[in-house]
Amino acid sequence: KLMSDSRRHISLGHSPDPDDAFMFYALAHDLIDTGDLVFDHTLQDIQTLNERATRGELDLTAISVHAYAYVHDKYLLLNAGASMGDGYGPMVVMKQAVPVEELKTITIAIPGKMTSAALGLKLCIGETPTAVVPFDEIIPAVQRGDYEAGLIIHEGQLTYGDAGLECALDLGKWWKDRNGTPMPLGVNAVRRDLGPELISQLNRIMSQTIDYSLTHRPQAVQYALEWARDMGADLADRFIGMYVNELTVDMGDIGRRALRQFLSQAAEKGYIPEAVDLEFAK
């Protein structure tokens, strides 16, 4: 009992979707050595995690790249755990697609103001009327006609056609065509005040959990299916492959370049308060 009491608890936040669940499979099931650390998992939508990060509430958390502009005083970035859309990404869907120019006058349901999807939309088409709707309610809201268009993230990118919707704009494709890099969407961040030793340990563990999932893919996919809304194993596996790959193990130079492009373009347009230096955990 004394031993368990002496272990340090780390609060860990990520989204309730298959790619994040896949990444954290090894941690959720104690399949890798975490030393004296115990991880307390919190599963919340990315907008909520972004808001919590502005208050520094979680030790280690998934956040939107967009949100890093507001939390960089409290958090360092990790090289591992990034979600990037290489030629694909968040999409604007409608019952009947219209030309991109026409989207500027339509109210678009978005999954949160601090999401990278929302910032990407602004970078692409400028300021537009938007309404915040939880990410998993956007497709039904467009189907019902509550909104003419919706900006979808997560597995909706693969299932919107089954809902009878059409893609009017793929932001990941637009970004790649314009910048030549994958569109940076999500990153993992660690609280600065945990100190260099613990940060270094968490950085290592994060790489190990992703590596474990990729090495034990069938088991990790099976675990992730619990969060795969309306998806069978094959579709879930495909979705996971889109956002958990070699760039997730280590974003490398190309990932860092994409992050810099995204945040510097946003700063130039005045969509974030200031230009942000990327600072990574070591």
Side-chain angles (χ1 to χ4, degrees), residues 19 46 63-69 77 81-130 135 138-139 142 148-161 165-187 235 238-272 275-276 278:
D19 56 325
I46 195 67
I63 57 168
S64 300
V65 174
H66 181 191
Y68 184 63
L77 295 169
S83 298
M84 300 201 175
D86 197 3
Y88 47 81
M91 297 172 169
V92 177
V93 296
M94 309 176 69
K95 285 184 183 171
Q96 203 162 6
V98 299
V100 172
E101 279 301 307
E102 287 182 36
L103 291 176
K104 295 179 181 183
T105 58
I106 291 170
T107 299
I108 301 173
I110 62 168
K113 288 189 184 298
M114 259 197 285
T115 60
S116 298
L119 180 55
L121 183 68
K122 277 190 190 178
L123 287 173
C124 182
I125 63 175
E127 294 275 10
T128 53
T130 57
F135 80 91
I138 289 177
I139 286 177
V142 175
E148 212 175 322
L151 179 60
I152 55 170
I153 56 175
H154 300 320
E155 71 283 353
Q157 294 162 46
L158 294 180
T159 60
Y160 70 89
L165 302 180
E166 297 177 0
C167 176
L169 171 64
D170 183 331
L171 287 171
K173 183 180 183 316
W174 165 80
W175 176 267
K176 179 90 183 220
D177 290 346
R178 172 186 161 128
N179 297 288
T181 51
M183 185 175 183
L185 300 166
V187 282
L235 200 59
R238 188 178 145 207
F239 174 70
I240 288 163
M242 288 166 66
Y243 291 107
V244 188
N245 45 47
E246 65 278 3
L247 287 170
T248 316
V249 177
D250 182 344
M251 72 170 74
D253 291 339
I254 192 165
R256 289 172 184 241
R257 187 160 88 244
L259 259 66
R260 283 193 191 96
Q261 288 171 328
F262 194 64
L263 292 171
S264 65
Q265 289 174 30
E268 281 163 24
K269 300 247 183 177
Y271 295 149
I272 58 175
V276 181
L278 303 183

Can you see which heavy atom on [X] is nearest to which on [Y], and at what distance?
| X | Y | answer |
| --- | --- | --- |
| Leu278 | Arg256 | CD1-O, 3.6 Å |
| Gly150 | Val142 | N-CG2, 3.5 Å |
| Glu166 | Ala97 | OE1-N, 2.9 Å |
| Ala118 | Lys113 | CB-O, 3.9 Å |
| Ala67 | Ile63 | CB-CB, 4.4 Å |
| Ala117 | Ile153 | CB-CG2, 3.6 Å |

**Fill in**
Across all chains, not counting sequence neighbours, the side-chain contact (heavy atoms from CB on, under 4.5 Å) partners of Ala149 are Val92, Met94, Ile106, Ile108

**Asked** Does Ser83 have any side-chain contact (heavy atoms from CB on, under 4.5 Å) partners at least two apart in sequence or in another chain, and if so, which?
**Response**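 Ser83 satisfies side-chain contact (heavy atoms from CB on, under 4.5 Å) with Asp19, Met23, Tyr243 once adjacent residues are dropped.
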
Residues in salt bridge (Lys or Arg N to Asp or Glu O under 4.0 Å) with [X], at least two apart?
| X | result |
| --- | --- |
| Asp86 | Lys176 |
| Lys104 | Glu101 |
| Asp253 | none |

Would you say [X] and [Y] make side-chain contact, with heavy atoms under 4.5 Å?
| X | Y | value |
| --- | --- | --- |
| Gln265 | Asn179 | yes |
| Gln261 | Pro184 | no |
| Thr128 | Leu103 | no |
| Pro111 | Ile46 | no |
| Val93 | Ile138 | no |
| Met84 | Ile254 | no |

**Message:** Main chain of Gly186, side chain of Ser64: is a donor-acceptor contact present, judged purely on distance under 3.5 Å?
**Reply:**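 Checked: no pair found.
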
**Request:** Check whether any side-chain N or O of Tyr88 sits under 3.5 Å from a backbone N or O of Met242 as a donor-acceptor pair, and report yes or no.
**Result:**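 Present.
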
**Request:** Any pair with a residue in residues 244-271 that passes ring-ring contact (aromatic ring centres under 6.0 Å, His included), sequence neighbours left out, goes on the list, sorted by first then second residue, please.
**Result:**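 Counting only pairs at least two positions apart or across chains, the ring-ring contact (aromatic ring centres under 6.0 Å, His included) contacts touching residues 244-271 are Trp175-Phe262.
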
**Request:** State whether the number of non-hydrogen atoms from other residues, nucleotides or ligands found under 6.0 Å of Arg238 atom CZ is greater than 12.
**Result:**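 No, the 6.0 Å shell around CZ holds no more than 12 heavy atoms from other groups.
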
